[in-house]
Amino acid sequence: MNSSKDILIIGGGIIGLSLAVELKLRGASVAVLTADSKQPTARAAAGMLAPQAERIPPSPMLDLCLQSRALYPAWVEQLEDITGLKTGYWRSGILAPVCQNEPQEKPLLSNLNYQWLDGDTVRQHQFGLGQEVIGGWWYPDDAQVDNRALFRTLQTATKELQIEIIQGNAGEIIRQGNRVVGIETTSGKLQADRYVVAAGAWSEQLLNVPVFPRKGQMLSVCVPEDCGVIQPLQTVLFGTGIYIVPRQDGRIIIGATSENVDFTPGNTPAGIQSLLAGSIKLYPELQNYPILEFWWGFRPATPDELPILGASAWENLTWATGHYRNGILLAPVTAKLLADLMWEQKLDPLLAAFHYSRFPESGKFENGK
Ligand code: GLY
């Protein structure tokens with residue numbers, strides 16, 4: 001590849017592919033560098049679109065998340081039209097059960113749609129909740145998408161749109177003055193007019209940006225055939241340190257730990273035990289369901305847990321990283337705002353809150369490890 005490409009995106013995860021598709025649809029020529037050896041965080045997530053259940057406080061981050069949640073229906077419809085595939089988007093709502101001895105804190109935002117359900121009402125809402133559940137907050141506008149199906153859909157969309165995907169690991173980002181002039185990779189040196197770092201938890205290895213891995217372990221079970229229904233859970237259950245995400249095909253995703261263990265791979269007995277105990281407490285019937293799979297992923301965390309979006313210290317390099325717990329949710333709005341910025345020179349004022357310069361080391365980033 002040479003500088004005939006307008007934009008090279010470093011990172012083929014949910015953010016990189018969403019941005020590539022958006023830019024291509026607007027007329028840009030785009031390539032994506034993707035590393036085979038790094039499991040994309042998109043695969044590891046549960047796909048909750050949950051700004052309210054996650055209790056993001058009133059802030060530009062909440063505005064960004066709400067904007068993205070609102071973009072989701074039309075965004076997935078467009079991807080489904082391009083590919084003929086389904087993403088499993090489901091406006092299932094999210095129920096946040098409250099157990100005995102847990103605080104019943106009211107959500108901070110009164111202008112959003114939510115409701116407190118007492119012990120009887122919450123059980124009418126979702127049959128089979130554990131005895132310790134005394135009520136719950138109901139967030140009807142939170143939703144979910146099947147993150148693996150979404151990822152496959154994005155991969156297929158890149159093929160349909162003839163976006164060049166380059167397999168290889170990124171090495172040194174070569175700079176001259178305040179411009180990036182190329183990147184060394186295991187597939188040779190790549191050049192473009194503009195570059196985007198969308199390398200998730202691995203971004204720091206490229207440019208010493210403050211993004212670090214926060215590991216999440218997960219597992220899935222499936223509803224047994226003799227249960228009488230394909231899926232008895234008709235909403236996401238979002239508890240304290242645990243969530244249970246039903247899929248319409250009968251799978252149930254259970255997540256997730258949150259561990260500062262660098263890139264240590266693998267599931268641990270302690271991690272899985274905490275997920276099993278937490279989920280069975282909320283929905284006891286799960287203890288009888290066959291286990292399908294265990295896995296883990298690395299969330300890209302930043303010191304203030306907010307993403308780093310937009311301009312960098314180099315005039316032709318853009319950040320799209322650090323989405324931490326909200327990468328699946330924030331994919332459409334990240335793609336939209338960054339395509340507006342890079343392709344239309346339109347700067348959304350919301351991006352100011354996610355500027356790299358909020359970190360003291362900003363502008364001094366050297367190539368990472
Ligand atoms: N978005 C949920 C998580 O990161 O575990």
Side-chain angles (χ1 to χ4, degrees), residues 1-45 47 49 67-91 143-170 183 185 187-188 190-200 247-249 318 320-321 323 327-344:
M1 188 184 125
N2 54 37
S3 42
S4 62
K5 281 282 184 294
D6 296 315
I7 297 162
L8 172 64
I9 298 174
I10 304 161
I14 182 104
I15 298 295
L17 295 189
S18 303
L19 182 55
V21 166
E22 184 68 29
L23 285 164
K24 181 75 185 200
L25 289 171
R26 294 191 193 198
S29 59
V30 191
V32 179
L33 175 69
T34 184
D36 266 350
S37 55
K38 295 175 180 137
Q39 178 181 282
T41 309
R43 203 184 155 275
L49 310 174
Q67 222 185 90
S68 209
R69 189 181 69 181
L71 288 173
Y72 242 93
W75 185 64
V76 292
E77 193 183 327
Q78 181 183 46
L79 291 172
E80 292 178 354
D81 284 349
I82 293 170
T83 62
L85 299 175
K86 289 285 175 208
T87 60
Y89 174 75
W90 180 11
R91 230 188 109 181
Q144 61 155 301
V145 66
D146 180 338
N147 45 292
R148 291 187 186 182
L150 173 64
F151 192 63
R152 283 192 297 273
T153 306
L154 280 164
Q155 285 178 310
T156 305
T158 61
K159 285 199 191 96
E160 294 290 331
L161 297 171
Q162 298 180 337
I163 293 168
E164 188 180 356
I165 303 290
I166 304 160
Q167 303 285 339
N169 290 323
I183 172 165
T185 78
S187 296
L190 304 179
Q191 288 183 301
D193 293 336
R194 276 174 271 179
Y195 302 80
V196 179
V197 174
R247 301 283 196 233
Q248 282 165 317
D249 63 5
T318 301
T321 189
H323 291 75
I328 306 293
L329 169 63
L330 290 175
V333 80
T334 301
K336 179 182 181 303
L337 297 191
L338 294 188
D340 285 350
L341 181 68
M342 284 188 290
W343 200 241
E344 328 257 342

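Considering all non-hydrogen atoms of both residues, Q155 and T158 come closest at O-OG1, 2.6 Å. L49 and L329 get closest at one heavy-atom pair: CD2-CA, 3.7 Å. Across all non-hydrogen atoms, the minimal contact from R247 to V145 is NH1-O, 3.4 Å. Of all the heavy atoms in A35 and N169, the pair that sits closest is CB-OD1, 3.0 Å. What you find for L19 and A339 is that their closest heavy atoms are CD1-N, 3.9 Å. Considering every non-hydrogen atom in both L8 and L33, the closest pair reads CD1-N, 4.2 Å.
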For D6 and V30, run side-chain contact (heavy atoms from CB on, under 4.5 Å): C-alpha distance rounded to whole Å, both residues' side-chain angles, the deciding distance at 0.1 Å, then the answer. CA-CA 6 Å; D6 296 315; V30 191; over 6 Å; no
Mind running side-chain contact (heavy atoms from CB on, under 4.5 Å) on H323 and I14 for me, showing each step along the way? CA-CA 11 Å; H323 291 75; I14 182 104; over 6 Å; no
When you look at K5 and L190, which way does the side-chain contact (heavy atoms from CB on, under 4.5 Å) test go after all the steps? CA-CA 10 Å; K5 281 282 184 294; L190 304 179; over 6 Å; no
Determine, step by step, whether R26 and D340 satisfy the side-chain contact (heavy atoms from CB on, under 4.5 Å) criterion, reporting the C-alpha distance in whole Å, the side-chain angles of both residues, the deciding distance to 0.1 Å, and the verdict. CA-CA 10 Å; R26 294 191 193 198; D340 285 350; 2.6 Å; yes
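Sorted by first and then second residue, the side chain to side chain donor-acceptor pair (under 3.5 Å) pairs involving residues 71-80 (not counting sequence neighbours) are E80-T87.
Atom CD of E344 has more than 12 heavy atoms from other residues, nucleotides or ligands within 6.0 Å.
Side-chain atoms of S18 never come within 3.5 Å of backbone atoms of A335 as a donor-acceptor pair (strictly under, hydrogens ignored). Looking only at distances, no side-chain donor or acceptor of W90 sits under 3.5 Å from a matching main-chain atom of Q248. A donor-acceptor pair is defined here as one N or O able to donate and one able to accept, closer than 3.5 Å; no such pair exists between the side chain of T83 and the backbone of A157.
The only option from T318, V333, I15 that meets the side-chain contact (heavy atoms from CB on, under 4.5 Å) definition with L338 turns out to be T318.
Remark: L337 CG to M342 CE distance equals 11.0 Å, nearest 0.5 Å. To the nearest 0.5 Å, atoms CG (L17) and OG1 (T34) are separated by 7.0 Å. Between L23 atom CG and W343 atom CH2 the span is 7.5 Å, to the nearest 0.5 Å.
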